K.L.:
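One structure, as structure tokens, below. Some questions next.
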2 protein chains.
Amino acid sequence: MNPNRPSSNRPVYLKLRDQIAAAIIDGAYPEGAMLPSVRALAAEQGANPLTVAKAYQQFQNDGLVEVQRGVGMYVVRGAAERLRAAERETFLREEWPEIRSRMQRLGLDPADLAVVL
Amino acid sequence: MNPNRPSSNRPVYLKLRDQIAAAIIDGAYPEGAMLPSVRALAAEQGANPLTVAKAYQQFQNDGLVEVQRGVGMYVVRGAAERLRAAERETFLREEWPEIRSRMQRLGLDPADLAVVL
DNA sequence: CGAGGTGCATCAGTGCCATAATACAGCCAT
DNA sequence: ATGGCTGTATTATGGCACTGATGCACCTCG
């Protein structure tokens with residue numbers, strides 16, 4: 001009834017990007033470590049290597065990942081914290097206001113749902 | 001830096017749909033009242049009439065709006081509450097879990113942000 | 001010097017979205 | 001009845017995002 005913002009029909013490269021970002025923040029990809037190669041991650045996720053590359057792209061643009069051509073991509077020092085700070089900033093500025101007003105309209109209170117975990 | 005879920009580059013017909021839904025829930029389009037005509041709303045919003053029609057489409061499919069051919073479209077009795085209930089349901093089931101875990105990863109607590117209004 | 005692993009550029013295909021130009025069917029007030 | 005308002009169906013078109021297949025440039029290791 002409501003085709004709103006389901007993560008399902010979201011572009012694959014964005015889902016991958018979120019997933020990788022989460023892995024970096026959580027330390028699943030530690031700083032200094034090498035990321036899975038585009039082909040490896042593509043095979044694992046059942047996606048196209050180029051789609052994975054597109055997901056990786058932003059991280060190197062933002063300087064969170066260092067590319068050694070012919071070798072691989074490595075997580076830069078301080079990437080986790082920088083990434084978290086940046087994501088937090090944009091979340092609060094662009095996403096939360098809409099979510100907040102939307103919940104308000106629906107008669108929901110974030111404080112009540114906070115405990116649900 | 002983060003092209004995540006900006007309402008900006010969302011399809012027009014979906015933005016219109018959300019906007020109309022909000023107007024119904026808030027009572028800006030009271031029950032029994034006639035909605036703006038496709039052409040009128042299109043002109044006002046600078047969109048194409050067919051795009052507006054596409055936005056209206058779902059509401060009649062869901063029986064929240066009644067069409068009187070040659071006259072206009074009217075908000076059905078009980079539409080506001082039914083709409084709110086449906087949106088609340090899908091929000092809690094599909095959107096909130098992701099938001100919740102995302103905030104958790106970023107070190108944010110919904111309860112803290114609730115007061116900000 | 002190859003072999004096999006990297007990332008990356010190029011080109012092509014597909015589908016959704018939005019717009020446009022008409023045209024039609026129904027209702028209503030003048 | 002006629003003009004003017006409703007929603008709707010049709011067809012075509014341009015743009016853009018997403019995905020995909022292929023091949024090339026680069027590096028490391030044995």
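Fair warning: this is a prediction, and the values are worked out from it, not measured in the lab. Every chain is numbered from 1, with letters handed out A, B, ... down the list of sequences.
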K.L.:
Measure from the side chain of Arg39(B), starting at C-beta and using heavy atoms only, and say which of dT19(D), dG7(C), dA23(C) lies closest.
P.N.:
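Selected nucleotide: dA23(C).
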
K.L.:
I want to check one thing: is the phosphate of dT8(D), taken as OP1 and OP2, less than 4.0 Å away from some side-chain N or O of Gln60(B)?
P.N.:
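Yes, within the criterion.
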
K.L.:
Could you give the CG-to-P distance, from Leu50(B) to dC17(C), as a whole number of Å?
P.N.:
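One finds 15 Å between P of dC17(C) and CG of Leu50(B), rounded.
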
K.L.:
In whole angstrom, give the distance that lies between atom CG of Asn9(B) and atom P of dG15(D).
P.N.:
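Value for this atom pair: 19 Å.
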
K.L.:
Does Gln45(B) CD have over 12 foreign heavy atoms under 6.0 Å away?
P.N.:
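Above 12, so yes.
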
K.L.:
Within a radius of less than 6.0 Å around CD of Glu31(A), do more than 12 heavy atoms belonging to other residues, nucleotides or ligands occur?
P.N.:
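Yes.
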
K.L.:
Can you tell me the distance, in whole Å, between the CG atom of Leu16(B) and the P atom of dC17(C)?
P.N.:
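My rounded result for the distance is 13 Å.
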
K.L.:
Taking atom C1' of dG7(C) as reference, at what distance in whole Å does atom CG of Asn61(A) sit?
P.N.:
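That distance rounds to 14 Å.
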
K.L.:
Please check this pair: side chain of Asn48(B) against backbone of Leu50(B), looking for a donor-acceptor N/O pair closer than 3.5 Å.
P.N.:
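At least one qualifying donor-acceptor pair exists.
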
K.L.:
When the distance from CD of Gln57(B) to P of dT8(D) is rounded to whole Å, what number comes out?
P.N.:
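About 6 Å, once rounded to whole Å.
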
K.L.:
For Leu64(B), does its backbone N or O pair with a side-chain atom of Asp62(B) as donor and acceptor, under 3.5 Å?
P.N.:
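Checking the backbone N and O of Leu64(B) against the side chain of Asp62(B), no donor-acceptor pair under 3.5 Å is found.
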
K.L.:
Check the phosphate of dA21(D) against Asn48(A), side-chain N and O only, distance under 4.0 Å to OP1 or OP2. Yes or no?
P.N.:
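Yes, because at least one side-chain N or O of Asn48(A) sits under 4.0 Å from OP1 or OP2 of dA21(D).
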
K.L.:
If you compare every side-chain N and O of Thr51(A) against the phosphate oxygens of dG20(D) (OP1, OP2), does one of them come in below 4.0 Å?
P.N.:
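Result: yes.
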
K.L.:
Report the nucleotide, chosen from dC26(D), dC18(D), dA23(C), that has the shortest atom-to-atom distance to any side-chain atom of Pro11(A).
P.N.:
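The answer is dC18(D).
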
K.L.:
In this structure, how many angstroms lie between the P atom of dT6(C) and the CG atom of Leu35(A), rounded?
P.N.:
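So the CG-P distance, Leu35(A) to dT6(C), works out to 12 Å.
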
K.L.:
Are Trp96(A) and Leu83(A) connected in the hydrophobic side-chain network, where two residues link if heavy atoms are under 4.5 Å apart?
P.N.:
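Yes: a chain of side-chain contacts under 4.5 Å links Trp96(A) to Leu83(A).
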
K.L.:
Measure from CZ on Arg17(A) to P on dT19(D) and round the result to the nearest Å.
P.N.:
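From Arg17(A) CZ to dT19(D) P: 15 Å.
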
K.L.:
Can a side chain N or O of Lys54(A) be found less than 4.0 Å away from OP1 or OP2 on dT19(D)?
P.N.:
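No, because none of the side-chain N or O atoms of Lys54(A) sits under 4.0 Å from OP1 or OP2 of dT19(D).
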
K.L.:
In whole Å, I'd like the distance from the CD atom of Gln68(A) to the P atom of dG5(C).
P.N.:
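My rounded result for the distance is 19 Å.
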
K.L.:
If the cut-off is 4.0 Å, is Tyr13(A) near the phosphate of dT19(D), judged by side-chain N/O to OP1 or OP2?
P.N.:
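Result: no.
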
